[in-house]
Amino acid sequence: DTKIKSTLSDLNTVSDEIEQTNEEITVAKKNLKKAEADQKTQYDALKARIKAIYESDEDASFFRVLLQDADLKSVLNSQEYKSRINMYDYDLYTNLEETTQKILDYEQELGEKQANLEKNKDTYQQQMEELRHNQEEYLAITEYMKDGLIVTNQSVVLSINRSAQNLFDVTAEECINHNIVTVSRNEQLKEALDHALEGSSEERMLEINGRVYQLLANPVRVDRVVSGAVILVLDVTEKQKAEVMRREFSANVSHELKTPIAIAYSANDALLNYDTANDPQKKVTYLNIANKQLKRLGELGENILAMSMERRKTMKLKPEAILLRQFIEEIADVQHIRGEKNISIDVDIDKSIMIEADRTHLANVLNNLIDNAIKYSGDSVEITIMGDSKYLSVRDNGIGIPSKSIPYLFNKFYRVPHGNRQDVRGYGIGLYYVKSILDKMGWDIEVKSTESEGSVFTLKFSKDEQ
């Protein structure tokens with residue numbers, strides 16, 4: 001845009017110079033034409049005078065030669081002529097000589113003006129070519145922008161790119177050199193343009209066809225005078241959704257921490273209200289449960305921090321040998337104590353199965369899957385965990401997941417819509433975290449679900465062909 005403005009300014013300057021030169025050439029041609037007419041008049045007068053002398057002179061032969069001689073100057077300077085003429089004749093000659101010089105001067109001036117004109121025309125052509133190139137470059141850049149771009153002067157639309165045409169369902173032919181209302185009758189758009197043409201930048205939000213757009217209108221100034229406006233229309237729908245998700249994340253983060261807090265509270269409550277003094281083993285059990293949940297709180301805090309891409313890239317796992325059944329039974333025992341629902345967790349894994357994994361992160365992955373199974377089930381929860389050295393599956397009898405939501409389950413901040421249910425809350429990082437950790441471990445995960453019947457999450461301990 002700056003290049004085009006600069007080139008247009010140069011073109012205007014050269015155009016003014018060409019116009020001025022043409023005017024000067026017209027004046028020079030008029031002067032030349034008048035001088036040539038004066039020359040002819042003066043030449044004829046001088047010749048007539050010589051003819052008169054010739055006719056009255058006895059030496060007719062000299063003047064016969066004089067009248068045929070083209071070099072008047074040499075004739076007029078000759079002694080023969082000077083002896084026969086008076087001062088009037090010499091003035092005629094002097095005027096003729098001055099006029100002849102004027103003609104030479106005008107011809108030279110005209111030649112210079114015409115040469116200058118040709119030079120300006122060449123410059124004009126070069127700048128026109130540069131302008132064409134800049135306009136093509138401008139169109140190439142703006143035509144394929146994903147954002148809408150509209151450029152106007154004080155009265156009409158000068159350009160509208162493809163994205164803006166698609167957005168407002170118009171064509172360039174319908175809009176260019178027409179009022180902005182041909183683009184859209186949207187009041188927000190018109191008001192933003194009016195403010196920009198008055199010299200102030202304007203920002204508005206538009207909703208078109210269910211999507212949210214940010215409209216930015218800025219004035220274009222040439223020599224500090226507002227000559228037009230540029231309107232940029234950005235699709236911020238996804239940004240708006242992400243902002244809503246982030247707000248929900250902040251509002252609901254406490255819910256993800258609720259489970260370990262509730263379990264630790266229940267264990268502590270049991271220590272305070274039941275006769276654990278006479279049952280040391282039960283006391284140790286409750287203390288261990290509370291200790292594990294407090295540890296899990298710290299791990300959840302770590303997991304939330306691990307959501308940043310930079311942290312996840314540099315995060316190092318600590319794989320170790322894990323007896324799978326024992327590991328999962330410990331997690332299941334802790335989940336049983338929650339007490340908020342009737343929970344049954346069946347572990348169907350051979351005692352000898354051992355895998356290599358990061359204990360902390362695998363525990364977080366399984367707790368996430370079990371938490372979801374409990375959260376998205378009725379009052380009676382049945383969970384079956386099966387596996388061997390190649391896979392591990394978590395099956396539940398919950399409300400299930402709509403098939404259209406399954407492709408997005410592991411997206412950051414994504415939450416499955418559940419209509420008007422208010423008893424289920426979350427902020428969409430649990431499964432995102434699960435997928436991130438499994439990717440880091442080189443594992444994979446599959447989901448199968450039927451609404452009103454339940455879901456199965458299957459962890460594969462190695463990706464296909466890996």
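Values below: every heavy atom of this structure, side chains too, minus hydrogens, waters and symmetry copies. Residue numbers count from 1 along this sequence. Keep in mind that what you see is a predicted model, and the values were worked out from it rather than measured.
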*Does R395 have any salt bridge (Lys or Arg N to Asp or Glu O under 4.0 Å) partners at least two apart in sequence or in another chain, and if so, which?*
none
*Residues that E191 engages under salt bridge (Lys or Arg N to Asp or Glu O under 4.0 Å), provided they are two or more places apart*: R204
*asked:* Would S455 and Y376 count as a side chain to side chain donor-acceptor pair (under 3.5 Å) here? Give the steps.
replied: CA-CA 10 Å; S455 306; Y376 297 103; over 6 Å; no
Least distance between heavy atoms, [X] atom then [Y] atom:
X	Y	answer
P402	V416	CD-CG1, 3.7 Å
S389	F461	O-CD1, 3.2 Å
G228	L197	C-CD2, 3.6 Å

*Hey, can you tell me if F457 and F410 have their rings parallel, tilted or perpendicular (30° and 60° cut-offs)?*
perpendicular
*Take atom CG in N209; do more than 12 heavy atoms of anything else shown fall under 6.0 Å from it?*
no
Report the residues that fulfil side-chain contact (heavy atoms from CB on, under 4.5 Å) with [X], sequence neighbours left out, ordered by chain and then residue number.
X	value
T237	R211, V212, D235, K241
E207	none
T171	E173, E174

*asked:* What's the separation between atom NZ in K190 and atom NE2 in H195, rounded to the nearest 0.5 Å?
replied: 11.0 Å
*Can you tell me how far the CG atom of L369 sits from the CD1 atom of I383, to the nearest 0.5 Å?*
9.5 Å
Indicate every side-chain donor-acceptor pair of residues 149-158 with a distance under 3.5 Å to a residue at least two apart or in another chain.
{"unit_1": "N153", "atom_1": "OD1", "unit_2": "S155", "atom_2": "N", "d": "2.8"}
{"unit_1": "N153", "atom_1": "OD1", "unit_2": "S155", "atom_2": "OG", "d": "3.4"}
{"unit_1": "N153", "atom_1": "OD1", "unit_2": "V156", "atom_2": "N", "d": "2.7"}
{"unit_1": "Q154", "atom_1": "NE2", "unit_2": "V226", "atom_2": "O", "d": "3.0"}

